[in-house]
Protein chains: 2
Amino acid sequence: MKRKILIADDESRMRRLISDFLKRENYEIIEASDGDEAIDLFLSNKNIDLVILDVMMPGSDGWEVCEYIRELSNIPIIMLTAKVTENDELHGFTSGADEYITKPFSPLILVARVNALIKRTYGNESIIVRGILTLDLEAKTIIINNKITNLSSTELKLLEFLIKNESKVISREILLDNIWGFDYDGTARTVDTHMNRLRIKLAEAGDYLVTARGYGYKFEVV
Amino acid sequence: MKRKILIADDESRMRRLISDFLKRENYEIIEASDGDEAIDLFLSNKNIDLVILDVMMPGSDGWEVCEYIRELSNIPIIMLTAKVTENDELHGFTSGADEYITKPFSPLILVARVNALIKRTYGNESIIVRGILTLDLEAKTIIINNKITNLSSTELKLLEFLIKNESKVISREILLDNIWGFDYDGTARTVDTHMNRLRIKLAEAGDYLVTARGYGYKFEVV
DNA sequence: TAAAATCGTTATAGAGTTGTGACATTTCTA
DNA sequence: TAGAAATGTCACAACTCTATAACGATTTTA
């Protein structure tokens, strides 16, 4: 899955620099040129995975943006500080940022920190949350509205596969190949039945399993 | 069990910051505003589990407090240093601290270090309590509703392994590998039989051993 | 040494899972 | 709007997996 990163810096050259390096690492980049735009973009893009904030920006500065975002989410945040002053330290502690990088910095350092933070945060995810649905891969259960339901082996594999291809329509053939195995030669109707059973177990989250008539199915949080 | 942590720092904002983050992790916090108070509080609170000391403090500084405490106890100690100097390193070696964290630091890093140190120090305790079940690894017994039952070697290893992987489903293969050994080539049915025997011994806590059909077993306090 | 405890295996009944076909329902198209 | 195509739903039979008891072999304990 391509991770989405929001960068806020008022210097366009700096944004471009960071953006280029991160795109090379296969990240998707969203750029904001000041603090207020950063907040706007954060709110309108619901699945941003990491935020990089310059401290010095017109309008809301980096600290304000950081605190604002931290109110809403535990998403990892990296602060770019021109020089660490006493003030910055105090800000940093209370604003909830995860990492600090002092300007000037080597882009490679930045990339390394981003990679590390992404991995630390999402690397060994055994619990996947999408909307009101929580999938616990270790416990082999789903939780919806505080109700725990067991998933059978096929159901789990099916749901996991669809979530990992979130928003993409997957054909029955591909589902059969990936979940039942390439040599499996049963009918495609089998997929429908299992989707039906999954929807029943997903209950209020059943709508997340979307039929794409003529193509297959996709997982999408409505 | 709630672990008790003593924090000594002369900056109240810093104390509050650390305290907030650790309380969120369910630690109980005791705050000292200088080195002498830290020593007082350490002596008057007999069951402190970990100490965090700022190096720079009026009165007795962090190193002195560290050495003092180390005379009395092997309790884990984390030092907060403004910047690591040659001198600090030398101090560090002789004062007996377990960890160093350089300011400024991310609160999350601190929390992670504290968690790790707590686990390293107290993680391998010999009495494990889960719900109505008490497992005594040294006595090789379990206690349920005041009734003591002996566990055989296999039963003990099985129960311990499952508890240490609480809430995670463990396959029979992994259980066989970890408890019977990699070279063991018996049938997976053996696990079932032992689970059955364990459940009988666990009596009212038998439900803690949950069958995950198609996957294996997990330990979970209901 | 005899009795008791532990252990691995096997057989079997029962419970959960799965695939399939039949039919109902929805959606698309001419 | 009628018919075709695609999908949803249900029931059932086949299949797989698990719980449990019983047994013999081995080890430990009294």
Side-chain angles (χ1 to χ4, degrees), chain A residues 139-142 148-162 169-203 205-220, chain B residues 139-142 148-162 169-203 205-220:
Chain A
K140 316 291 188 193
T141 58
I142 53 174
I148 299 178
T149 308
N150 294 326
L151 289 190
S152 80
S153 165
T154 312
E155 289 159 355
L156 185 85
K157 281 186 271 184
L158 186 56
L159 182 57
E160 186 183 357
F161 188 83
L162 287 169
V169 172
I170 312 292
S171 71
R172 292 175 176 72
E173 291 66 41
I174 291 185
L175 290 173
L176 286 171
D177 284 350
N178 281 278
I179 291 152
W180 280 263
F182 290 99
D183 50 348
Y184 179 80
D185 64 344
T187 156
R189 217 96 297 280
T190 298
V191 177
D192 298 35
T193 298
H194 278 274
M195 291 298 294
N196 183 33
R197 287 174 180 151
L198 250 185
R199 281 181 176 141
I200 292 170
K201 286 202 176 175
L202 289 189
D207 294 343
Y208 295 177
L209 299 176
V210 181
T211 304
R213 194 186 164 83
Y215 300 108
Y217 297 94
K218 66 176 166 179
F219 181 94
E220 200 160 45
Chain B
K140 318 289 188 195
T141 58
I142 53 175
I148 300 178
T149 308
N150 293 325
L151 290 190
S152 78
S153 161
T154 311
E155 288 160 356
L156 185 87
K157 281 186 272 184
L158 187 55
L159 182 57
E160 185 184 358
F161 188 83
L162 286 169
V169 172
I170 312 292
S171 71
R172 291 175 176 72
E173 291 66 41
I174 291 184
L175 291 173
L176 287 171
D177 284 350
N178 281 279
I179 291 153
W180 280 263
F182 289 98
D183 50 347
Y184 179 79
D185 65 345
T187 156
R189 263 352 50 225
T190 299
V191 177
D192 299 35
T193 299
H194 279 273
M195 291 298 295
N196 185 30
R197 289 173 181 152
L198 250 184
R199 280 182 177 140
I200 292 169
K201 287 201 177 177
L202 288 188
D207 293 343
Y208 294 177
L209 299 176
V210 180
T211 303
R213 194 187 164 83
Y215 302 110
Y217 296 94
K218 65 178 164 179
F219 181 94
E220 201 160 45

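In what follows, every chain begins at residue 1, and chains take the letters A, B, ... in the order their sequences are listed.
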Here the distance between atom C1' of D/dT20 and atom CG of B/L198, to the nearest Å, is 15 Å
Within the structure, does a side-chain N or O atom of B/N196 lie under 4.0 Å from either OP1 or OP2 of D/dA19? no
Base D/dT16 to side chain B/R213, donor-acceptor N/O within 3.5 Å cut-off: yes
Send over the distance from B/E155 CD to D/dT27 P, rounded to a whole Å. 18 Å
Interatomic distance, A/L209 CG vs D/dT9 P [rounded to whole Å]: 12 Å
Please compare A/K201 and B/R189 by the position of their nearest nucleotide in DNA chain C and report the one closer to 5'. B/R189
Please determine if a side-chain N or O atom of B/W180 lies less than 4.0 Å away from the OP1 or OP2 oxygen of C/dG8. yes
Going by atom types alone, do B/R172 and B/Y217 pair a side-chain donor with an acceptor below 3.5 Å? yes
Between the base of D/dG8 and the side chain of A/R197, is there a donor-acceptor distance below 3.5 Å? no
Out of C/dT9, D/dT18, D/dG8, whichever nucleotide has its closest atom nearest the side chain of B/T193: C/dT9
Donor-acceptor pair, distance only, cut-off 3.5 Å: does the side chain of B/K201 make one with the backbone of B/N150? yes
Any sub-3.5 Å donor-acceptor pair from B/T211's side-chain atoms to B/R213's backbone N or O? no
Separation of atom CG in B/D192 from atom P in C/dG8, rounded to whole Å: 13 Å
Length of the line joining B/H194:NE2 and C/dT6:P, which is rounded to integer Å: 11 Å
Of A/A212 and B/M195, the one whose closest DNA chain D nucleotide lies more 5': A/A212
Spacing of B/L176 atom CG relative to C/dT9 atom C1', expressed in whole Å: 13 Å
Just N and O in the side chain of A/T211: are any of them under 4.0 Å from OP1 or OP2 of D/dG8? yes
Where each residue is assigned the nucleotide of DNA chain C containing its nearest heavy atom, which of A/N150 and B/T190 is assigned the position nearer the 5′ end? B/T190
